[in-house]
Amino acid sequence: MDDDSAAAIAAGLAGLPPLRETIAAHDLDARKRLGQHFLLDLNLTRRIARAAAPLSPGTVIEIGPGPGGLTRALLLEGATCVVAIEVDRRAIAALEALQVAAGGRLQVVEGDALEMGLPALGPPPRRIVANLPYNISTALLVRWLHAADDVADMVLMFQKEVVDRLAASPRTKDYGRLSVLAQHVCTVQRLFDVAPSAFVPPPKVTSSVVRLTPRPPGGRLADLRPLERVTAAAFGQRRKMLRGALAGLFPDPVAVLTGLGLAPTARAEELTVAEFVRLAGVLDK
């Protein structure tokens, strides 16, 4: 984005009403069933947007923009093509003035992000930057892990406990299925926490922002489904030894485990990500 374009965007956004006025004008109260908690502090939303830089090439995908706080920040920080996916029609109406001010750099798409493929949303490189609705955040992430070839990176806000799980190491209480899937597909970098007071309405928990960058295709499984099955079985009964937890997947789990140099008496949290990948390789065969 050249200086003149950036200045024009900034001027247009500066003329918009404050977010609280936009919320009031469109009766855009946050709804629990949609997992909505709005960020209104532009300093904070710009910090999130800067964490996803560079924003100018390709497509920036935002999920659940609500009144457009993060959307404004993405445009101010240099995004030239923002595609905002929103299921709440009240928010879509609230974003109309922002679309005008964005001068063609913002597209609002009505629909459920869980049903949308990333390639259809815009050209690569695609970056997902979002304050995710709490009620579908994990399901969305797992979907995107399956589509890692279609995304350059993701800067996402979750409940802190979810980021704890994403970044957890083996032999810790937070280490589980999501840890293994995310760390196999991506490098996981915790960025910063966000206090409940930053949101409207304030959630009951602290949130965290995390960056997930897909590993090169040759460094991860082409098909995640065997890894999902192995981790679901192992962590679904995490108190059991693996020889028992994996009995529903392998006719002779003891033979499989010993063949991989793994102790049949180990429990799920003791295995590394690489060891789970080796187990998934046996299941895939």
Side-chain angles (χ1 to χ4, degrees), residues 5-6 8-50 52 55 59-116 120-122 127-137 139-140 155-159 194-205 207 209:
S5 297
I9 292 292
L13 295 178
L16 292 172
L19 288 167
R20 289 185 185 276
E21 290 185 15
T22 298
I23 290 170
H26 294 274
D27 294 321
L28 192 54
D29 55 301
R31 293 186 175 173
K32 186 174 181 180
R33 68 178 180 83
L34 296 175
Q36 291 174 327
H37 295 275
F38 301 142
L39 279 175
L40 307 186
D41 182 345
L42 187 57
N43 290 324
L44 178 55
T45 54
R46 291 190 75 163
R47 184 181 181 190
I48 296 170
R50 286 193 297 270
L55 296 171
T59 307
V60 177
I61 299 166
E62 183 187 4
I63 311 301
L70 179 57
T71 320
R72 294 187 187 191
L74 292 168
L75 293 164
L76 285 169
E77 292 297 332
T80 54
C81 177
V82 178
V83 178
I85 312 300
E86 181 56 73
V87 73
D88 187 346
R89 290 189 176 180
R90 300 173 306 152
I92 292 171
L95 292 167
E96 288 178 357
L98 179 53
Q99 278 189 279
V100 173
R105 298 176 188 271
L106 171 62
Q107 177 187 1
V108 179
V109 178
E110 180 180 357
D112 185 346
L114 284 168
E115 299 175 357
M116 295 184 182
L121 297 177
R127 289 183 163 80
I128 305 174
V129 188
N131 166 27
L132 293 174
Y134 282 175
N135 58 341
I136 59 168
S137 61
L140 278 170
V155 172
L156 307 172
M157 184 182 295
F158 296 94
Q159 296 182 45
V194 180
S197 58
F199 296 87
V200 176
K204 295 179 180 179
V205 297
S207 299
V209 179

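Any value given below was found using the heavy atoms of this structure, including those in side chains, with hydrogens, waters and symmetry copies removed.
Closest approach of Thr22 and Pro17 over heavy atoms only: OG1-CG, 3.8 Å. The two residues Ala49 and Leu55 come nearest to each other via the heavy atoms O-CD1, 3.7 Å. Nearest heavy atoms, Gly68 versus Leu98: O-CD2, 4.0 Å. Listed here is the closest heavy atom pair of Leu76 and Ala10: CD2-CA, 3.8 Å. Of all the heavy atoms in Thr71 and Pro65, the pair that sits closest is OG1-CB, 3.4 Å. Considering every non-hydrogen atom in both Leu28 and Gly66, the closest pair reads CD2-C, 4.0 Å.
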Step-by-step side chain to side chain contact (heavy atoms under 4.5 Å, CB included) determination, Arg72 to Leu19: CA-CA 10 Å; Arg72 294 187 187 191; Leu19 288 167; 3.7 Å; yes

From CA spacing to verdict: side chain to side chain contact (heavy atoms under 4.5 Å, CB included), Arg20, Val200: CA-CA 10 Å; Arg20 289 185 185 276; Val200 176; 3.9 Å; yes

Audit row: Ile63, Ile61, side chain to side chain contact (heavy atoms under 4.5 Å, CB included) steps and yes/no: CA-CA 7 Å; Ile63 311 301; Ile61 299 166; 3.9 Å; yes

Stepwise side chain to side chain contact (heavy atoms under 4.5 Å, CB included) test for Thr80 and Arg105: CA-CA 5 Å; Thr80 54; Arg105 298 176 188 271; 3.1 Å; yes

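In terms of modelled atom types and a separation under 3.5 Å, the side chain of Arg90 and the main chain of Asp27 share a donor-acceptor contact.
Ring pair Phe199/His37 is perpendicular by interplanar angle, where above 60° counts as perpendicular and below 30° as parallel.
For the atom pair CD (Gln107) and CD (Gln99), the distance works out to 8.0 Å, reported to the nearest 0.5 Å. In this structure, Leu114 CG and Ile136 CD1 are separated by 4.5 Å, a value rounded to the nearest 0.5 Å. In this structure, Leu70 CG and Glu62 CD are separated by 4.5 Å, a value rounded to the nearest 0.5 Å. The CD1 atom of Ile128 sits 8.5 Å away from the CG atom of Leu140 when rounded to the nearest 0.5 Å. Arg50 contributes atom CZ, which lies 9.0 Å from atom OG1 of Thr45 (distance to the nearest 0.5 angstrom). Ile48 contributes atom CD1, which lies 13.0 Å from atom CZ of Arg46 (distance to the nearest 0.5 angstrom).
Contact of the Pro196 side chain with the Pro203 side chain is registered, since non-hydrogen atoms from C-beta on lie closer than 4.5 Å.
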